[in-house]
Each structure stands twice: as structure tokens, then as C-alpha cells.
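Below is one structure, written out as C-alpha cells; comments come after it.
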Amino acid sequence: MQRILNCRTHDFAKNVTAGELKQAIIASEGRVIMAEVAAGASPLYGEVTNGELLCAFGCDLLLVKGMNCRTQAIQGCENLAHFKALTGRLIGVSMEVLADPSLDDPRACNLSNLALLQEADFYCLTAYDKPGVTASRVIDALRQIRGMTDKLVLVAKFYASGVAEPLEYASYVAAGADGVIVPAPAGCRGASEEKVTRALEAIQSAGGVGITTLSSSQEGADEETVRQIALASKRCGADMYNFGDAGVAGMADPQALYAFSMAVRGRRHTWVRMAASLAR
């Protein structure tokens with residue numbers, strides 16, 4: 001798994017297919033952690049990027065959020081390619097699904113922006129609870145993106161009311177998503193373990209990777225709260241876990257990420273991930 005998830009010292013990583021990355025995540029048995037980095041946020045410490053800091057605390061994959069696809073600027077480094085070189089991780093880019101696909105937005109999910117993201121290793125189509133951003137709109141955007149890339153594509157559709165019906169999440173996999181992100185238990189209003197389990201089972205039954213996300217600012221919660229959410233996510237059967245970017249300085253609280261990792265991976269897998277050389 002680590003050989004696939006590391007990127008800097010393995011030339012083959014540039015050619016990792018969606019299927020290979022997907023199988024590496026599934027084979028990890030619920031031990032892969034992804035964390036978001038807000039492109040426009042100044043690093044917590046000027047000596048390193050926020051991505052480097054998260055990797056030092058055990059993060060496996062990084063997802064850049066709110067990035068202008070044209071400039072690819074990320075605070076603390078030169079651009080997306082430089083960020084990837086500094087962190088030595090597979091890097092994804094979040095593109096927002098808008099109600100109006102014709103809008104010329106450098107952060108939006110569309111083919112013109114996709115064409116600029118050759119350095120990205122995977123993509124996440126992020127859809128917020130906004131007027132016109134419906135499940136059908138997400139599927140339209142997904143089919144368009146899927147038709148133009150063979151890289152891993154994730155979908156994250158959020159609702160203020162909580163967890164959506166399992167069939168909606170499964171429909172994203174049927175439309176071409178490799179994985180779908182759902183709220184972690186207690187990660188939003190009404191997100192019970194029962195609801196999250198049903199959502200993950202629907203995603204996995206459809207052939208996708210089931211991912212829970214700790215967001216809504218809870219990525220900055222105290223370590224015991226994070227630990228309990230981590231264990232609940234694992235009980236629900238998540239293949240992978242995601243941290244949002246609102247913990248501190250446009251990223252997850254590194255200590256919260258460490259607490260989460262210790263809960264779902266234990267000391268051995270956590271410390272090895274933190275310490276392993278990228279030359280391995």
C-alpha cells in the first residue's frame with residue numbers, strides 16, 4: 001500500500017490507475033487517511049507547508065481545496081507540482097460542482113479546469129447544499145469528468161439536513177465515481193452510526209470506496225471527541241477517512257489527525273507511516 005500511496009520516488013506513481021489506487025485503499029482494511037489543505041490559507045508555520053505538516057503526522061493522501069486551477073497557487077510553495085514534490089504524497093484537487101455549469105469559475109468542476117490539472121493524481125467533485133446543486137446535477141458533472149480521465153474520481157455531496165439516502169450515494173458510483181464521501185458518525189446533524197453504515201454499505205455494494213469525513217469544523221475538536229468519531233467510523237466499515245480543512249490554519253489540527261490515526265491504525269501503522277523514508 002505505501003508503495004502506491006507514496007509518489008515522489010516512484011516514477012510509476014505518475015501512471016497509477018484509478019483501479020490500482022482504489023485496490024490499494026480497499027486492501028488497507030480501513031487504515032488510509034486523507035486530509036484537505038486550503039490552497040489560500042497561510043501555513044501554520046512558515047518553514048513548511050501545511051501539507052508537509054499533515055504528512056508528518058501520518059496523512060496518506062492530500063486533497064487541495066479552493067485552488068485556482070489556472071494559477072495553481074498554494075500558499076507556502078510555488079504551485080501544485082511543487083507541493084507534490086515537497087510532500088511526497090499523491091495529491092488530489094477538489095473541484096466544486098456549481099448549479100450553472102457554464103459559469104467561468106477557476107475553481108469549478110468543468111472540463112477546461114480538468115485539462116489544467118495534469119499534476120493531480122485524483123479528483124474530488126465537491127457539491128454543497130446550494131440551490132440547483134442537486135444529485136442529478138452532480139451526476140451530470142461526474143459523467144462529464146469521468147469521460148475525460150482515467151484517474152481516481154471521488155464525490156462529496158453535502159446536505160445541511162445530514163446524511164442522504166443510501167441509494168443516492170450508490171448512484172454516484174453507478175455514474176462513474178470510484179469513491180463517495182459521507183459524513184462521519186456525529187459529523188453532522190443526525191449522522192448516526194446506523195445511517196452512516198447503510199450509506200457505506202450502499203457505496204461498497206455498488207463497487208465504490210466508502211469514505212467518512214470529519215468536517216464541519218470538528219476536525220479541530222478535542223482529541224477524545226476525534227478518537228470516538230474515528231472508532232465509530234471504523235465500526236461503520238469505512239475504507240478511508242477524510243479530514244476537512246477547518247481545524248487550524250486551513251487544515252486539520254495535526255494533533256487531531258494523530259489521535260484519529262492512533263485510534264484506527266494503532267501505534268505500529270501510525271509511527272511507521274510518520275517515519276518511513278520516501279526512498280522505500
Side-chain angles (χ1 to χ4, degrees), residues 25 32-44 49-67 74-75 83 87 89-97 107 109 122-130 133 138 154-164 169 179-191 196 199-200 209-234 236 238-261 263-264:
I25 293 169
V32 178
I33 298 176
M34 178 170 70
E36 299 174 13
V37 175
S42 297
L44 180 63
T49 63
N50 284 343
E52 291 171 271
L53 192 57
L54 290 172
C55 290
F57 279 78
C59 177
D60 296 300
L61 302 171
L62 290 168
L63 180 63
V64 181
K65 187 175 179 181
M67 186 185 75
I74 300 172
Q75 291 296 311
F83 186 64
T87 59
R89 294 293 192 271
L90 296 180
I91 306 295
V93 174
S94 174
M95 298 186 290
E96 185 177 352
V97 178
R107 296 172 180 82
C109 176
F122 64 96
Y123 309 101
C124 182
L125 279 56
T126 304
Y128 297 105
D129 195 359
K130 297 180 179 179
V133 185
V138 174
L154 307 177
V155 167
K157 177 70 175 83
F158 297 107
Y159 291 99
S161 58
V163 183
Y169 295 122
V180 182
I181 298 173
V182 301
C188 69
R189 181 173 52 187
V196 174
L200 292 173
V209 173
I211 308 160
T212 56
T213 182
L214 182 62
S215 50
S216 301
S217 296
Q218 282 180 297
E219 57 269 48
D222 64 279
E223 293 178 31
E224 181 56 28
T225 297
V226 170
R227 189 176 294 111
Q228 292 305 317
I229 293 176
L231 293 173
S233 290
K234 194 156 191 177
C236 290
D239 297 304
M240 185 167 84
Y241 318 97
N242 178 61
F243 268 83
D245 63 345
V248 58
M251 63 175 172
D253 182 335
Q255 289 181 282
L257 189 149
Y258 179 76
F260 193 107
S261 180
V264 299

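Predicted model, so just to flag it, every value in this text is computed and none were measured.
Within the 4.5 Å cutoff, side-chain heavy atoms of Thr212 are placed close to those of Val182. When side chains are defined from C-beta on, Phe122 counts as touching Leu154, because their heavy atoms get closer than 4.5 Å. Between Tyr241 and Leu214 there is no side-chain heavy-atom pair separated by less than 4.5 Å.
Interatomic distance, Lys65 NZ to Glu96 CD, rounded to the nearest 0.5 Å: 9.0 Å. For the atom pair CG of Asp60 and CD1 of Ile33, the computed distance is 6.5 Å after rounding to the nearest 0.5 Å. Interatomic distance, CG of Leu200 versus CG of Asp239, reported as 7.5 Å (0.5 Å rounding). Within the model, atoms CE of Met240 and CD1 of Ile25 stand 4.5 Å from one another, a figure rounded to the nearest 0.5 Å. In this structure, CG in Leu90 is found 11.5 Å from CE in Met34, a value given to the nearest 0.5 Å. Note that the OG1 atom of Thr126 and the NZ atom of Lys157 stand 11.0 Å from one another [nearest 0.5 Å].
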Donor-acceptor list for residues 246-260 side chains, cut-off 3.5 Å, not counting sequence neighbours:
unit_1: Asp253; atom_1: OD1; unit_2: Gln255; atom_2: N; d: 2.9
unit_1: Tyr258; atom_1: OH; unit_2: Trp271; atom_2: NE1; d: 2.9

Sequence neighbours excluded and cut-off under 3.5 Å, please list the side-chain donor-acceptor pairs for residues 52-59, or say none.
unit_1: Glu52; atom_1: OE1; unit_2: Thr49; atom_2: N; d: 2.9
unit_1: Glu52; atom_1: OE1; unit_2: Thr49; atom_2: OG1; d: 3.0

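Nearest heavy-atom pair across Leu63 and Ser94 is CD1-N, 3.7 Å. Listed here is the closest heavy atom pair of Asp245 and Ala38: OD2-CB, 3.5 Å. When all heavy atoms are compared, the tightest approach of Ile229 to Ala184 is CG2-CB, 3.7 Å. Here the shortest heavy-atom pairing between Cys109 and Leu125 reads SG-CG, 3.6 Å. Residues Val97 and Ala127 approach most closely at CB-CB, 4.1 Å, considering heavy atoms.
Scored by the side-chain contact (heavy atoms from CB on, under 4.5 Å) test, Thr213 finds Phe158, Ile181, Ser215, Asn242 as partners (sequence neighbours excluded). Take Ala191 and apply the side-chain contact (heavy atoms from CB on, under 4.5 Å) test, not counting sequence neighbours, and it matches Val163, Pro183, Cys188, Val196. Every residue two or more places apart in sequence or in another chain that forms a side-chain hydrogen bond (donor to acceptor under 3.5 Å, both in side chains) with Thr225 is listed here: Asp222. Applying the side-chain contact (heavy atoms from CB on, under 4.5 Å) rule to Gln228 yields the partners Glu224; only residues at least two apart in sequence or on another chain are considered.
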